[in-house]
Structures are given as C-alpha cells and as structure tokens.
Amino acid sequence: MDIFQHFRKEEHEWIVQVQDIKDAVETTYEAKLTGFLNPREVDIVQSVIGADETVKVAFFGGIEGVERKRALIYPFFEEVSPERYNIVMFHGAFDPKFSTVSHRDLLGALMALGVKREMFGDIHVLQGKVQWFATEEMQDFILMNLEGAGNTPLRLSTLPLHNAYDITDEWEEKTGFISSLRLDTAISEMYNLSRTKAKAYIENSRVKVNWRTVEDPSFQIQTGDTLSLQKHGRRKLFQSIVKRRKAIYV
C-alpha cells in the first residue's frame, strides 16, 4: 500500500527521511535518534514505523505531557529508557518584579544563536523562571552563549529532568458552522474574525497549519489539523461533518 496517499504532498519529504532511518536500523541493528519533533511529525513517524516486528519506535520529550518529542527508532531486542534520549533541561531564572520573559522571547534568542528548532523541545515560562528541553550536544554551547531573552538577563543552569515543573494544557471545545474547509473560512470562524482579516493574516505569514506556515487562503484543512494564529493561540479541528459543514474544534 502506498503510504504517501494518506499524507499531504509537503509531508512526503519527511516520510522519505523516516523510511530511510527505518531501513538503516533494520539493516545495521543500530538505534537512531531524531531531533525534537512536533506532534504532526510524531504522527508520521508512528505511521511509517507502524506495527513493524523488527524496528520499533518510542517517543520522549523530557517529561510526560510535552508537545515536542524525540523519536528513538530501535531494533526490537533493545530496551528503552529516558537516558537514551540524550535530553538536558535548562532552567533560566529572572526577577519578575523588574522584567518578563515570554515564550517568543526565548524562542527568538535561541534561534538567533543559530540553534535549529529540532535541537530543543518545549519551552515553559513560569513566574520568575523559564524551563526548556534540548539535546545534550547543545548543552555547552547554550550555557556559554545564551545570556538572556528579549531584554531580560537569565541566570542559566541545567537541572535533572525530575526537577521539571508539571505543565497541563487545557482545551475548551466549541462548535461552529463554516461554509467550507478553506483555511481563511476556518480561521474566520475559529477566531471570530471577518473573512477579510483572516485572509490578510494568512497572506502575511501569521497562520500555521500543523506547525507549518501556510500563506494560501484557499488551503484545505482536514480533521485533526492544528491551526495557530500568531498572538491568538491555537485551535484544533476535532471533527468535521461535511453534510452540514459543522465543525467541532478545541
């Protein structure tokens, strides 16, 4: 069966990469570790590896419940433990009385250093502190080069993973009616915007579908897609009843 038929064209390149990793593990019996993957990439890895009896896959992102995870693709006879994912947790402290740090601030600071997105995982901003996960190979580089985020200096250190703060995401389910599954129509409904504003946001690169920027207002979304509008949060299309154009999203 052709696995490509179940995925969008822009996802085919990642499917090929995963298949190559799987073939390498099957041939050499040596495990392979990916960078941090977004949930859509995780789904694709799971689909490609499937219920294979020779090659297995497991995921971990530092603690339970995180969004971005590394995939360990390994031969069937090996054991899996958290240590095999080579993940380190960074802890940055600051004085909340005089400054603030946002998720965007830290993301921008890391990217400005040339740290690729797949080299670090979830970022959690709390009162007076920020925590995030990264690959062990980036530990020394980040400690030496990251001095702050935004305009806020950070007192940076690394801590064991069991010192991570628990993060719980809460989703609110809503039901709406849309005339089509076009991206601009969906954004308009889900974010309570006019169609004109939704179209402008999309064309100005402020909308992502499954963590990828989409600039085509006519792009067709599907059940299970996660949409995000910059500075307005995320929505996930949980169910679509095409006959009545009823959309249930969270």
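Val57 pairs in a side-chain contact (heavy atoms from CB on, under 4.5 Å) with only one of the listed residues (Val48, Val45, Val25), which is Val45.
In this structure, His124 and Phe133 have perpendicular ring planes: the angle between them is above 60°, well past the 30° mark. A perpendicular orientation is assigned to the rings of His232 and Tyr191, their planes being inclined by more than 60° (bins at 30° and 60°).
By the 6.0 Å contact criterion, NZ on Lys208 is open, its count of non-hydrogen atoms from other residues, nucleotides or ligands being 12 or less. Enclosure of atom CZ in Arg117 by more than 12 non-hydrogen atoms of other residues, nucleotides or ligands within 6.0 angstrom is indicated. Other residues, nucleotides and ligands contribute over 12 non-hydrogen atoms within 6.0 Å of the CG atom of Asn204. When the shell of 6.0 Å around CD of Glu147 is examined, it contains 12 or fewer heavy atoms from other residues, nucleotides or ligands.
Nearest heavy-atom pair, Arg235 versus Met190, reported as atom, atom and distance to 0.1 Å: NE-O, 3.2 Å. Nearest heavy-atom pair across Trp211 and Arg40 is CZ3-N, 3.9 Å. Of all heavy-atom pairs spanning Phe76 and Glu53, the tightest one is CB-O, 3.4 Å. For the pair Asn86 and Arg70, the tightest heavy-atom approach, listed with the atom from each and the gap, is O-NH1, 3.2 Å. The two residues Leu113 and Phe141 make their nearest non-hydrogen contact at O-CZ, 3.6 Å. Nearest heavy-atom pair across Pro160 and Met89 is O-CE, 3.7 Å.
Side-chain N or O atoms of His12 include none that pairs as donor or acceptor with a backbone N or O of Glu10 at under 3.5 Å. A donor-acceptor distance shorter than 3.5 angstrom exists from the side chain of Gln131 to the backbone of Tyr165, with no hydrogens or angles considered.
The pair Glu26-Lys22 does not meet the salt-bridge criterion, since no charged nitrogen lies less than 4.0 angstrom from a carboxylate oxygen. Salt bridge present: Asp184 and Arg182 bring a charged side-chain N and a carboxylate O closer than 4.0 Å.
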